[in-house]
Structures are given as C-alpha cells and as structure tokens.
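Have a look at the structure below before the remarks.
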Amino acid sequence: MSAPILRNLTDLRAATAGWKRAGERIGVVPTMGALHDGHLSLVAAAKAACDRVVVTIFVNPKQFNSPEDLAKYPRTEEADAAKLAPYGVDAIYVPDPDQIYPEGFATTVSVSGLTDVMEGACRPGHFDGVATVVAKLFLQTAADRAYFGEKDYQQMMLVTRMAQDMDIPITVIGCPTVREPSGLAMSSRNMRLSADGLERAGRLYPVMRQVAEKLAAGASFGDLAPAAREALGAAGFVDIEYFDLRAADSLRALDRPTEPARLLVAAWLDGVRLIDNIAVPQLND
C-alpha cells in the first residue's frame, strides 16, 4: 500500500506527534527524489531499525550553484512513490516550497571547517543550502535517526557536525554506497548520461580502486595522482575538480593513509558532474 504523501508541516507534525506519544522511534531518509536503489537501501536500513519511517522529497534550490542544473534535476514523484510502496514507509513528505522557505525566510545554517575543501571549494554556498534544509527537515520530522549514503561523504560529515553543534537530538547513520555492476556509484544524475557516457563513467571506480591498493602498499599519493588523472582523462572525464586523499574524520589532506582515510573525486563526463569516494586501507606502522 502506498504511503500518504504529506505536503504541509501541520499534517506531518500531526502524524509524528502521535508516533512520539506512543514512544516509537522515527527514522528519516532525506532525498531530492529521482529515487534509485541507493536511496532504497537507506529506506531498508531505516525500516530495519525504526518503528516509523518518513522519506522526504524536496529539490532544494539553495544547494544548486546553477539555475540550469536546478531546472534539469529530475522530478519523478509518481515513480518515486511507486518504488517506496513495497517498503511500507509511513509517510512521504513532499513539502511545498513555502513549507521550507516561507515568505521572509532569512536564516542560513553554515558549518565551517569541513566545508572549506572539495565540494565546498568547488560549489560556493552549496553546503550552506544543504545544512539549512537538512536542519529544517530534522526539526520538522522530529526524527530520532537520519540515514545518508556514504557516496556523499563530505555531506554526511557536514550534517553530522551540524546536528551535534545545534543540539538536534538525532543520530546520523551512514550507509554504504550502492553501485552499478560496473562499479559506478548510483546517483540520480546518472539518468542524464548517454549509454556511451554510462559505459565510460564505469571506469572511475577501477581507477580509484587501483590507487587505493597502491596507497595501501606504501605508495605516495603525490606520486600516484598524475597517472590517475591521466587515466580518467583517457576515459573521457574532463574538468577533474578534485582527486584527493583525505583523513576520514577531518578531511585533512594526506599523502599516505597513516590514519583512516578516504579517496574522493569529482569530475565531469557528458556534461554531468559525478562524485565518488572509497575508503583506503590504513598503512601499518
């Protein structure tokens, strides 16, 4: 049975208030729609651990740097609801824009430090938009747990820090990246790739894996990065915005994985911006 679609905060809070009174644990899966198996894996994780699950669908204009990118973002509400039906979620919150940004809205949530590099450096203001909308969704849903995919690793760290700093009583749960058979991380943006682009995009993951394996064997990232960038260029990737080795807990730049680390990348292919990251095995002292 399809879950009710709620479009205003009054209806959402009426539902969650009853759940709270009953002592039920609420999980939320924030999305921008165009759902794929990656999103659905988060829903499954939420269903396994929570009494009630709310999936939010809101294409947040404040986190887009380009009006063209915002306009192109897929909106597939009917198909999304059909994909969620088998999971038995308790509500799909698709707020009208004025439920998130009412007239006169004048507040921005900004998290420093974690947002100064990579996505934050390449997309000025993006993370302010993410932090602001996620803070509102956390508070509006009154959820106890929130589920995010590790594909957006920096974003996951951002919302975790934001909730901690703002004393929002919610636990952020990171879930593994779901991949296509080629290794390509599932993303709503993949829908915009041509068939040839999808094939070439599948070469990103093997390049990252090769670099991670050499790092684990003791190689220097500074020595490996030029060849990796060349391999991505040969696959058709252009404008590689970053290809970085970073500390997993602070995003500090590393040359060797002497502590828990992630390899993170953002690059363009077929006019589509793709991001990915993987864990890198830590070197033994």
Side-chain angles (χ1 to χ4, degrees), residues 3 5-9 12 27-46 53-84 87 89 91-101 105 108-109 115 119-120 122-123 125-141 143 146-160 162-163 170 172-175 177-178 184-193 266 271-277:
I5 295 177
L6 308 179
R7 300 191 188 278
N8 65 73
L9 182 55
L12 175 66
V28 63
V29 181
T31 82
M32 292 203 299
L35 302 184
H36 50 67
D37 285 350
H39 296 113
L40 299 177
S41 74
L42 305 180
V43 175
V53 174
V54 178
V55 176
T56 71
I57 298 175
F58 181 68
V59 181
N60 178 32
K62 290 188 179 291
Q63 68 189 71
F64 285 81
N65 296 90
S66 160
E68 181 183 9
D69 196 23
L70 173 61
K72 286 181 178 179
Y73 199 87
R75 291 159 173 83
T76 57
E77 181 183 315
E78 186 175 337
D80 292 341
K83 289 177 181 178
L84 290 171
Y87 291 84
V89 302
I92 305 172
Y93 182 44
V94 189
D96 293 327
D98 64 355
Q99 301 298 290
I100 302 295
Y101 303 121
F105 186 84
T108 297
V109 179
T115 61
E119 292 295 292
C122 295
R123 305 178 66 185
H126 166 72
F127 278 136
D128 288 355
V130 171
T132 301
V133 77
V134 171
K136 293 212 67 169
L137 292 171
F138 282 0
L139 294 168
Q140 289 186 350
T141 60
Y147 293 80
F148 287 82
E150 288 184 352
K151 181 184 80 70
D152 297 285
Y153 189 82
Q154 191 175 6
Q155 172 180 275
M156 187 179 70
M157 295 184 69
L158 161 87
V159 297
T160 302
M162 179 272 295
I170 194 168
V172 175
I173 309 294
C175 298
T177 300
V178 177
L184 178 64
M186 288 190 177
S187 169
S188 301
R189 294 177 185 272
N190 294 353
M191 296 169 61
R192 292 165 48 192
L193 291 168
V272 180
R273 186 177 187 270
L274 301 175
I275 66 171
D276 201 354
N277 73 90

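FYI, side chains are in, hydrogens and waters are out, and symmetry mates aren't considered; it's all heavy atoms of this structure. Everything quoted here is computed from the prediction, not taken from an experiment.
- Taking Y153 as the reference, nothing meets the side-chain hydrogen bond (donor to acceptor under 3.5 Å, both in side chains) condition, with sequence neighbours excluded.
- Between D96 and N8 the shortest side-chain heavy-atom distance does not fall below 4.5 Å.
- Legend: residues meeting side-chain hydrogen bond (donor to acceptor under 3.5 Å, both in side chains) with N277, ordered by chain and number and at least two apart, are R262.
- Across Y147 and G27, no two heavy atoms sit closer than the pair CE1-CA, 4.4 Å.
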Anything under 3.5 Å between a donor and an acceptor, one on a side chain of residues 32-42, the other on a protein residue two or more places apart or in another chain? List them.
{"unit_1": "H36", "atom_1": "ND1", "unit_2": "G38", "atom_2": "N", "d": "2.9"}
{"unit_1": "H39", "atom_1": "ND1", "unit_2": "H36", "atom_2": "N", "d": "3.1"}
{"unit_1": "S41", "atom_1": "OG", "unit_2": "G38", "atom_2": "O", "d": "2.6"}

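- The minimum heavy-atom distance linking A3 with I92 is given by the pair CB-CG1, 4.0 Å.
- Rounded to the nearest 0.5 Å, atoms CD (Q155) and OG1 (T160) are 10.0 Å apart.
- The two residues Q154 and G120 come nearest to each other via the heavy atoms NE2-N, 4.1 Å.
- Separating the CG atom in L158 from the NE2 atom in H126 is a distance of 8.5 Å, to the nearest 0.5 Å.
- Listed by chain and residue number, E77 satisfy the salt bridge (charged side-chain N to carboxylate O under 4.0 Å, His left out) test with R7 (two or more places apart in sequence, or in another chain).
- For T177 against K151, the heavy-atom pair with the smallest separation is OG1-N, 3.1 Å.
- At least one donor-acceptor pair closer than 3.5 Å links the side chain of N190 to the backbone N or O of A185.
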Identify every side-chain donor-acceptor pair in residues 61-68 under 3.5 Å, counting partners at least two apart or on other chains, and give the distances.
{"unit_1": "Q63", "atom_1": "OE1", "unit_2": "N60", "atom_2": "ND2", "d": "3.0"}
{"unit_1": "N65", "atom_1": "OD1", "unit_2": "R123", "atom_2": "NE", "d": "3.1"}
{"unit_1": "N65", "atom_1": "ND2", "unit_2": "P124", "atom_2": "O", "d": "2.8"}
{"unit_1": "S66", "atom_1": "OG", "unit_2": "E68", "atom_2": "N", "d": "3.2"}
{"unit_1": "S66", "atom_1": "OG", "unit_2": "D69", "atom_2": "N", "d": "3.2"}
{"unit_1": "E68", "atom_1": "OE2", "unit_2": "K72", "atom_2": "NZ", "d": "3.2"}

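- With sequence neighbours excluded, the residues satisfying side chain to side chain contact (heavy atoms under 4.5 Å, CB included) with T141 are L12, V28, V54, T56, A143.
- The ring pair (Phe, Tyr, Trp, His ring centres under 6.0 Å) test applied to F58 returns no partner, not counting sequence neighbours.
- Under the side chain to side chain contact (heavy atoms under 4.5 Å, CB included) criterion, A163 pairs with F138, I168, I170, sequence neighbours left out.
- Under the ring pair (Phe, Tyr, Trp, His ring centres under 6.0 Å) criterion, Y87 pairs with no residue, sequence neighbours left out.
- Evaluation of the side-chain hydrogen bond (donor to acceptor under 3.5 Å, both in side chains) rule for T76 yields D80 as partners, not counting sequence neighbours.
- Closest approach of Y101 to G129, counting heavy atoms only: OH-O, 4.3 Å.
- To the nearest 0.5 Å, the span separating OG on S187 from CD1 on I275 amounts to 7.5 Å.
- A search for side-chain hydrogen bond (donor to acceptor under 3.5 Å, both in side chains) contacts involving Q140 returns Y93, not counting sequence neighbours.
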Checklist entry - Going through the checks in order, is the side chain to side chain contact (heavy atoms under 4.5 Å, CB included) test met by I100 and L137? => result CA-CA 8 Å; I100 302 295; L137 292 171; 4.1 Å; yes
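- Closest heavy-atom contact between C122 and R273: CB-NH2, 3.9 Å.
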